[in-house]
Novice: 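Sharing a structure with you now.
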Amino acid sequence: MSASATQYPNYSPGLEGIPAGISSISEIDSDRSSLQYRGYDVHDLAEFGSYEQTAYLLIHKKLPNADELKAFNERLGAERDVPEAVYTALKALPKATHPMDSIRTAYSVLAPFDPDYTAPSTDIAANIRKAERIIAKASTMVGNGHRIRQGLEPIKPDPSHGAAANLLHLITGTDPIPATVKTMDASMTLYAEHGFNASTFACRVTCSTLSDLYSGIVTGIGTLRGPLHGGANEEAMKMILEIGTPENAEAWIRDALATKKKIMGFGHREYKKGDSRAFYMGKVAKELGVEKGNTKYGEIAEILERIMRDEKGIFPNVDFPAAYAYYLLDIPIDLYTPIFVVARVAGYSAHAIEQLENNRLIRPKAIFNGDANLTYVPLSER
Ligand SMILES: CC(C)(COP(=O)(O)OP(=O)(O)OC[C@H]1O[C@@H](n2cnc3c(N)ncnc32)[C@H](O)[C@@H]1OP(=O)(O)O)[C@@H](O)C(=O)NCCC(=O)NCCS
């Protein structure tokens, strides 16, 4: 006889609300709409810190002092470039390849070039070195991947650039201005880590088999790609562009809700009173609009936010303001989720290391509801 869900009162579809492990990396407080990385509020890290300080905090479990940060930045700078084989592989991909598939492929190619490739997956020191290389090369692979698909040659990363500046430099081919770097850096800090989200959890599942960090990263990227997760920032921008003007926004959203459309960039499994990161990013995105003399997207956003809150009690998540901030920075829409990857590899790496430090194979149970004990009928008699 088949088991049924009623025999498992703790069963929760999508594992909603189910603790699936112990972690000291980040804490989401849904009631206070707050997010802390290793005890530090993400808003403080975004406002006063940097993506590099955040990545150091996630991997090395403490904020760096000035000397540690200098040394960390130098190590990342020295590791920004990637082997030619990565570019050869990216050049071989069809023109229509989504940049998420390119960055996933790039990490697969990169893995065997890591000097610690043959180190056991439980070698913590080697994993930390791998994590730094994984973080250092992400912006180069996304930035130069974008150049390659445009038929341009990759350019050498400037080792003095942080991840945000490197990314902007390679995407635009010009030296980025500090204000733009600050906006990108803040968004990457907010995107760097977020507990047991689907892609991080998938990364941990992979590492729990004692597979390696790179395999965990590739799993994470594949999982992040979907529109219910990282892909939402791209879908949110397409929606804003479809709406077009603030005058169209109210009618558009009311019609979308009446026809039960999912509004991309709204809602969150963990935050039912609002995503803390969206409060900060929304402020940054709206200020950017004022600076750029283009407040249209901020105005559309305010109308959607008001109606979603009043009609559905649903708030924007970080993908919503990040989407129109990136658009105002002239970033091509299909790079939004890859930029999320550039930031999130720090979180994936921290989780992979934590999983491997104290591993237990992640192997949940399925509630079976299929047929059982059927009599095998030979092929010729079916
Ligand atoms: C993120 C998400 C998957 C979380 O979903 P969840 O915790 O599983 O919540 P559910 O999808 O069960 O939604 C609960 C209710 O809110 C509604 N809802 C949630 N998000 C919504 C959205 N973005 N637009 C419209 N309605 C939404 C659902 O339709 C559902 O309503 P119902 O009870 O009347 O059926 C969901 O909010 C979503 O799909 N958002 C859009 C994609 C997105 O922005 N993803 C990025 C997340 S960081």
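Order of listing sets the numbers, starting from 1, for every ligand and every atom in it.
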Novice: Protein heavy atom under 4.0 angstrom of atom 46 (C) of ligand 1, is there one?
Specialist: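 Yes, at least one protein heavy atom sits under 4.0 Å from atom 46 (C) of ligand 1.
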Novice: Are any non-hydrogen protein atoms located under 4.0 Å from atom 23 (N) of ligand 1?
Specialist: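 Yes.
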Novice: Do me a favour and list the nearest non-hydrogen protein atom to atom 42 (C) of ligand 1 with residue, atom name and distance?
Specialist: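 Nearest protein contact, heavy atoms only, for atom 42 (C) of ligand 1 is Met264 SD, 3.5 Å.
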Novice: Under 4.0 Å and counting heavy atoms only, is there anything from the protein next to atom 2 (C) of ligand 1?
Specialist: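 There is no protein heavy atom less than 4.0 Å from atom 2 (C) of ligand 1.
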Novice: Is the shortest side-chain heavy-atom distance between His169 and His161 below 4.5 Å?
Specialist: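 With C-beta onward as the side chain, the pair touches.
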Novice: Less than 4.0 Å between a side-chain N and a carboxylate O, is that true for Asp116 and Lys130?
Specialist: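 Looking at Lys130 and Asp116, the cut-off is not met.
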Novice: Say whether Lys262, considering both its backbone and side-chain N or O atoms, lies within less than 3.5 Å of an N or O atom on ligand 1.
Specialist: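 The answer is yes, given that Lys262 and ligand 1 share an N or O pair closer than 3.5 Å.
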Novice: Would Ile263 count as being in polar contact with ligand 1, using the rule that some N or O on each side must be under 3.5 angstrom apart?
Specialist: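 Right, the criterion is met.
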Novice: With a 4.0 Å cut-off on heavy atoms, is Lys260 touching ligand 1?
Specialist: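 Contact absent.
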Novice: Is a side-chain donor or acceptor of Ser50 paired with a backbone partner of Gln53 at a separation under 3.5 angstrom?
Specialist: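 Judged by distance alone, yes, a pair lies under 3.5 Å.
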Novice: So which bit of Asn317 gets within less than 4.0 Å of ligand 1, heavy atoms only: side chain, backbone, both or neither?
Specialist: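 Asn317 to ligand 1: side-chain contact only, backbone stays beyond 4.0 Å.
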Novice: Do NZ/NE/NH1/NH2 and the carboxylate oxygens of Arg225 and Asp101 come within less than 4.0 Å?
Specialist: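 Counted as a salt bridge, because a side-chain N and a carboxylate O are separated by less than 4.0 Å.
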Novice: Can you find a non-hydrogen atom of Lys272 under 4.0 Å from ligand 1?
Specialist: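 In this structure, Lys272 qualifies as a contact of ligand 1 - some heavy atom is under 4.0 Å.
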Novice: If only atom types and distance count, is the side chain of Lys137 paired as donor or acceptor with the main-chain N or O of Asp81 below 3.5 Å?
Specialist: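 It does hold such a pair.
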Novice: Just wondering, do Leu58 and Ser349 contact through their side chains at under 4.5 Å, heavy atoms?
Specialist: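 Counting from C-beta outward, Ser349 and Leu58 never come under 4.5 Å.
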Novice: Could you check, using the six-membered ring where one of them is a Trp, whether His194 and Tyr271 have ring centers closer than 6.0 angstrom?
Specialist: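 Under 6.0 Å, so yes.
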Novice: Please report which non-hydrogen protein atom sits nearest to atom 40 (N) of ligand 1, along with the residue it belongs to and the distance in Å to one decimal place.
Specialist: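 Its nearest protein heavy-atom neighbour is Phe266 O, 2.9 Å.
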Novice: Side-chain contact, heavy-atom cut-off 4.5 Å: Tyr37 with Leu35?
Specialist: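 They are in side-chain contact.
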Novice: Between Arg254 and Glu250, does any NZ, NE, NH1 or NH2 come within less than 4.0 Å of an OD or OE carboxylate oxygen?
Specialist: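 Counted as a salt bridge, because a side-chain N and a carboxylate O are separated by less than 4.0 Å.
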Novice: Please could you name the atoms of ligand 1 that Gly265 approaches to less than 4.0 Å, counting only its heavy atoms?
Specialist: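 Checking each atom against Gly265, I get 43 (C), 44 (O).
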Novice: What part of Val318, side chain from CB on, backbone N/CA/C/O, both or neither, has a heavy atom under 4.0 Å from ligand 1?
Specialist: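 Neither part.
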Novice: Could you check whether any side-chain heavy atom of Thr54 comes within less than 4.5 Å of a side-chain heavy atom of Tyr191, counting everything from C-beta outward?
Specialist: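 A side-chain contact is absent here, since even the closest heavy-atom pair is not under 4.5 Å.
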Novice: Using a strict cut-off of 4.0 Å, indicate which atoms of ligand 1 neighbour a heavy atom of Arg269.
Specialist: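 This gives 4 (C), 6 (P), 7 (O), 8 (O) as the contact atoms.
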Novice: Quick check on contacts: which atoms of ligand 1 are under 4.0 angstrom from a heavy atom of Asp319?
Specialist: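 Going through ligand 1 atom by atom, the ones under 4.0 Å from Asp319 are 46 (C), 48 (S).
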Novice: Please work out, at 4.0 Å between heavy atoms, whether the side chain, the backbone, both, or neither of Ile314 comes within that distance of ligand 1.
Specialist: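 Only the side chain of Ile314 comes within reach of ligand 1.
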Novice: Please determine whether a side-chain nitrogen of the Lys or Arg among Lys262 and Glu235 lies less than 4.0 Å from a carboxylate oxygen of the Asp or Glu.
Specialist: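 Looking at Glu235 together with Lys262, the answer is no, because their closest N to O distance does not fall below 4.0 Å.
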Novice: Around atom 43 (C) of ligand 1, find the nearest protein heavy atom and jot down its residue, atom name and distance.
Specialist: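 Here the closest protein heavy atom is Ala232 CB, 3.5 Å.
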Novice: Can you sort out which atoms of ligand 1 are near Leu228, meaning under 4.0 Å from one of its heavy atoms?
Specialist: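 Those of ligand 1 that fall under 4.0 Å from Leu228 are 39 (O), 45 (N), 46 (C), 47 (C).
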Novice: Just to confirm, does any protein heavy atom lie below 4.0 Å from atom 33 (O) of ligand 1?
Specialist: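 So atom 33 (O) of ligand 1 lacks protein heavy-atom neighbours under 4.0 Å.
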Novice: Say whether Pro227 and ligand 1 are in contact under the criterion: heavy-atom distance to a ligand atom below 4.0 Å.
Specialist: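 True for this residue.
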Novice: How about atom 15 (C) of ligand 1: does it have a protein heavy atom within less than 4.0 Å?
Specialist: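 False for atom 15 (C) of ligand 1.
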Novice: Which residue owns the protein heavy atom closest to atom 48 (S) of ligand 1, what's the atom, and how far is it?
Specialist: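 Looking at atom 48 (S) of ligand 1, the protein heavy atom closest to it is His268 CD2, 3.5 Å.
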Novice: Do Arg277 and Phe320 meet the cation-pi criteria used here (NZ or CZ under 6.0 Å from the six-membered ring centre, within 45° of the axis)?
Specialist: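 Cation-pi check for Arg277 and Phe320: fails.
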Novice: Suppose I only count heavy atoms of His229 and a 4.0 Å limit; which atoms of ligand 1 are within that range?
Specialist: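 Answer, ordered by atom number: 46 (C).
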Novice: State, yes or no, whether a side-chain contact exists between Arg104 and Leu224 at a heavy-atom distance under 4.5 Å.
Specialist: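 SC-SC contact between Arg104 and Leu224 ruled out.
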Novice: I'd like to check atom 18 (N) of ligand 1 in this structure: does the protein have a heavy atom lying under 4.0 Å from it?
Specialist: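 Yes, there is one.
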Novice: Is there a side-chain contact (heavy atoms from CB on, under 4.5 Å) between Asn127 and Asp123 once you walk through the steps?
Specialist: CA-CA 6 Å; Asn127 284 343; Asp123 181 337; 5.6 Å; no
Novice: Which one holds for Glu235 and ligand 1: side chain close, backbone close, both close, or neither close, with close meaning a heavy atom under 4.0 Å?
Specialist: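 For Glu235, no heavy atom sits under 4.0 Å from ligand 1.
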Novice: For ligand 1, which atoms have a heavy atom of Lys261 less than 4.0 angstrom away?
Specialist: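 Reading through ligand 1 atom by atom, the close ones are 25 (C).
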Novice: To which protein heavy atom is atom 31 (O) of ligand 1 closest, and what is the distance rounded to 0.1 Å?
Specialist: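 Of every protein heavy atom, Lys312 NZ, 4.4 Å lies nearest to atom 31 (O) of ligand 1.
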Novice: Mind checking the CG-OG spacing from Asn144 to Ser139? Nearest 0.5 Å is all I need.
Specialist: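 Here the interatomic distance stands at 9.5 Å.
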